[in-house]
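Order of the sequence lines sets the chain letters (A, B, ...), proteins ahead of strands, with each chain counted from 1.
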Number of protein chains: 4
Amino acid sequence: MGHPGGPTNRERQAEQRRNQLIDTALDLFAEKGVDGATIKDIATRVGVAQGLVYHYFDSKEDLLSAIIERHGPVQPFSALLASVYERPAAEGLSLLAHGVYRVASERRKLLSVLAREILVRPEMRLMALGVRAQVLAIAGAYLDSRIALGELRPHDTTVTLQSLAASVVPLAVVGLEPEPYITHLVEILLRGVAAPGYNPANDQPTGPGAAPAKPTATS
Amino acid sequence: MGHPGGPTNRERQAEQRRNQLIDTALDLFAEKGVDGATIKDIATRVGVAQGLVYHYFDSKEDLLSAIIERHGPVQPFSALLASVYERPAAEGLSLLAHGVYRVASERRKLLSVLAREILVRPEMRLMALGVRAQVLAIAGAYLDSRIALGELRPHDTTVTLQSLAASVVPLAVVGLEPEPYITHLVEILLRGVAAPGYNPANDQPTGPGAAPAKPTATS
Amino acid sequence: MGHPGGPTNRERQAEQRRNQLIDTALDLFAEKGVDGATIKDIATRVGVAQGLVYHYFDSKEDLLSAIIERHGPVQPFSALLASVYERPAAEGLSLLAHGVYRVASERRKLLSVLAREILVRPEMRLMALGVRAQVLAIAGAYLDSRIALGELRPHDTTVTLQSLAASVVPLAVVGLEPEPYITHLVEILLRGVAAPGYNPANDQPTGPGAAPAKPTATS
Amino acid sequence: MGHPGGPTNRERQAEQRRNQLIDTALDLFAEKGVDGATIKDIATRVGVAQGLVYHYFDSKEDLLSAIIERHGPVQPFSALLASVYERPAAEGLSLLAHGVYRVASERRKLLSVLAREILVRPEMRLMALGVRAQVLAIAGAYLDSRIALGELRPHDTTVTLQSLAASVVPLAVVGLEPEPYITHLVEILLRGVAAPGYNPANDQPTGPGAAPAKPTATS
DNA sequence: AATGAATGAGCCTTCATTCAT
DNA sequence: TATGAATGAAGGCTCATTCAT
């Protein structure tokens, strides 16, 4: 405020300390749960006095909020969705699945914490349901567009996406290997929702007017 | 033990009290988490003194074990799997999906508790992974048999099952409506893993030239 | 509740423990102030664990309420006022002054605590003002009756009472000797409010119609 | 100190800051009590960092001392007493009463703080008792002189003064209106200690045979 | 079987105080 | 002069657990 010329050295250090506390808190919350991890745990692991935590955060609750703010997965998920837009269905689903795995892997600690807290805190549950609704809306619009283009058969795209996410995210959170699981999953889902005659191998949307190859098989 | 003629009156009452404590503990664990619920909470809700809890259980931990023992979902899931065996793939997958939802709904409180504890207790995590492996083995054997019969195309059946379970169980745990979600999900998965030309409507594998059933929505 | 035949042994002991905690808390609150005295102080002086205090009281605040309930000076002051009613003014004022000193002496610890808290807690201030108003109303009615009987000259009796109380109570709270201070005070106030010609030495109200002795002196 | 020519600009600013801190501390001590107000509270209200408080004061205790030094009511009370000296009793008592109210009103915050601390800090209690003794000595000498002049009857003047102060000061500290309370109080006390036949209206001692002034109300 | 008094460890939080910048 | 990061000692309160009755 009163010092033009960018952050001072001291402010930079304070910011670092703050982030250090947030990151350490996230580690410990993920390991022991929010209730199981103590402020003392966090301070000790960072190597400072307990009191310092309260210099940066009003309460444990506030610390949790700061964690979410800093590590919140909404932005990366949004970016992922944006990057998929306009891609053919086969490629898009694959990008989606692998992307979700990657983002969830990077944020696995936070997701682990949230998964626990959502079950017990109504406000967090509501927040999570809201985010879920937003993401489903955006991603659903993408899949619907692929239906309109004739790549996918008409269906409730929410189901596809929910299934995709529900299958992939826990994998990442628990830390299991993605492959070959995800590739197989994408194949199953794609076959499940592909329009008759859509050939993923082409990586090219078949025009809506294009005559599908003889329905010899569902593949 | 030393009294022939079945349980005495007193033993029956003790059993009832024990179960009452277990059930109430489960309720509270699900509401507030294992850490968030106190022994006093439980005793108060049952209408007894805290001390009594320790007549029936050695510790909070022991109480949690008793809950799992009494409400463990392994048996019903096993029964479900058994009931599906020998059924055609289309029917089997549907039975499986709806059955999983039903069982998970009935046990949603326990599953909610377990979901939280698994993330934080290594022993529980191992236990859960073990159960998962068993269930996947049994159910996988079933799907493999349907592959062998030509109903389903050869694929990693674990993926199908994992996806099914991961999609359905959270639905039940969070308390969302199953339909039309589950029906749609089954349709997608079934199409995704069906052998070419398999006609679910027949409950019989069909020749390659048979027309596939129309999708639910206008294609 | 569920045990006819009066309090059990255990209940009696619990009650004793409770009172012991209240009394010890009062001692310490008076010595160090409510903020200055710690729950540990109290527990230690009683010879129990800190936690036990919270078995009997919800909070430090609740403990303070219990102190007021048990040691509240309203009842004894009311009794004092009742005992004075119908007495001649001279005797009444003297009884009042000495009685207030006695009661305030007996409750000096609580009054000391309240004196401090009133200055800082609006609710307590209001409560105290309310009590003061009640007491002044009752005692004022007494003095007004003595005015009507011609013993005292018409005046704002609230002032007399307020002055009496304000002079006597601090004496008791601080623990100073009452005599000869109180006797002198009563004499001054009595002369200050006596009707011309009222002779306290008589301990008899002069009838309203009685001719006052020649106004040779005010005494 | 080492700079001739009066205080430098910087010294003047420092003095201002110091006084600002003292005044703000007094405000907060009065509002929340010495224990209840924090150094951070004070610094925040002044708009500076906590650390700065420790550039001006060694400790919270030292800050309290500085408050007393700056706002101590001894000087104004002394001035009041000096101004009363030689005045006739009736005028003197009235001046005293109103003057005490005025001074106590001006210093009500400090008096509120002291009232609380005296009850809990032995050193402060001693200090206060010492001040009280001094004031009573001076004011007592004044009243004794009026006794010697025949305006007041011989009596323990300490009692009169104590009663006056005890009645008036709390009024000011709590912030109640002075009138008509103080006027009535003075009248009562004056009648209570006046020599027989003393006529306040004259501001002159009157002979025993002189008719007393009519009471304020119809007697 | 049942009660609830009692314990004691530990948690979150506050706050006066210090100190490097 | 001024800042605010950092410390560390408590303090209020909770809670699983024990035990005499």
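Contact check on B/Glu31 versus B/Arg45 returns a salt bridge, with a Lys/Arg side-chain nitrogen under 4.0 Å from an Asp/Glu carboxylate oxygen.
In terms of position along DNA chain F, the nucleotide closest to D/Gln13 lies nearer the 5' end than the nucleotide closest to the other residue of the pair A/Ala14 and D/Gln13. Between C/Gly47 and B/Gly47, the residue whose closest nucleotide on DNA chain E is further toward the 5' end is B/Gly47.
Of the possible donor and acceptor atoms, none in the side chain of B/Glu117 sits under 3.5 Å from a partner among the backbone N and O of B/Leu114. Proximity of a side-chain donor or acceptor of D/Thr24 to a complementary backbone N or O of D/Gln20 within less than 3.5 Å is detected. In this structure, D/Arg70 contributes its side chain and D/Ile22 its backbone to no donor-acceptor pair below 3.5 Å.
Using modelled atom types, one finds no donor on one side chain facing an acceptor on the other under 3.5 Å when comparing C/Arg10 with C/Gln13.
Between its two ends, the helix from E/dA2-F/dT21 to E/dT21-F/dA2 turns its axis by 0°, counting five pairs per end and rounding to 10 degrees.
Annotation: side-chain contact (heavy atoms from CB on, under 4.5 Å) contacts of B/Ala115 (sequence neighbours excluded): A/Leu119. Legend: residues meeting side-chain contact (heavy atoms from CB on, under 4.5 Å) with A/Glu69, ordered by chain and number and at least two apart, are absent. With sequence neighbours left out, the salt bridge (Lys or Arg N to Asp or Glu O under 4.0 Å) criterion links D/Arg12 to no other residue.
In this structure, the CD1 atom of C/Ile42 is 12 Å from the C1' atom of F/dG11, given to the nearest Å. Atoms CG (C/Asp62) and C1' (F/dG12) sit 14 Å apart, rounded to a whole Å.
In this structure, A/Leu52 and A/His55 have side chains that are in contact, with non-hydrogen atoms separated by less than 4.5 Å. Contact of the B/Phe29 side chain with the B/Arg116 side chain is not registered, since no non-hydrogen atoms from C-beta on lie closer than 4.5 Å. When side chains are defined from C-beta on, C/Ile39 counts as touching C/Lys60, because their heavy atoms get closer than 4.5 Å.
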How does each nucleotide of nucleotides 14-21 of chain F score, in 5' to 3' order, for protein heavy atoms under 4.0 Å: base (B), sugar-phosphate only (S), or none (-)? BSSBB-B-
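B/Tyr56 comes within 4.0 angstrom of sugar-phosphate atoms only, judged by non-hydrogen atoms across all strands, and of no base.
Within residues 16-31 of chain A, the residues having any heavy atom under 4.0 Å from DNA chain F are, by residue number, A/Arg17.
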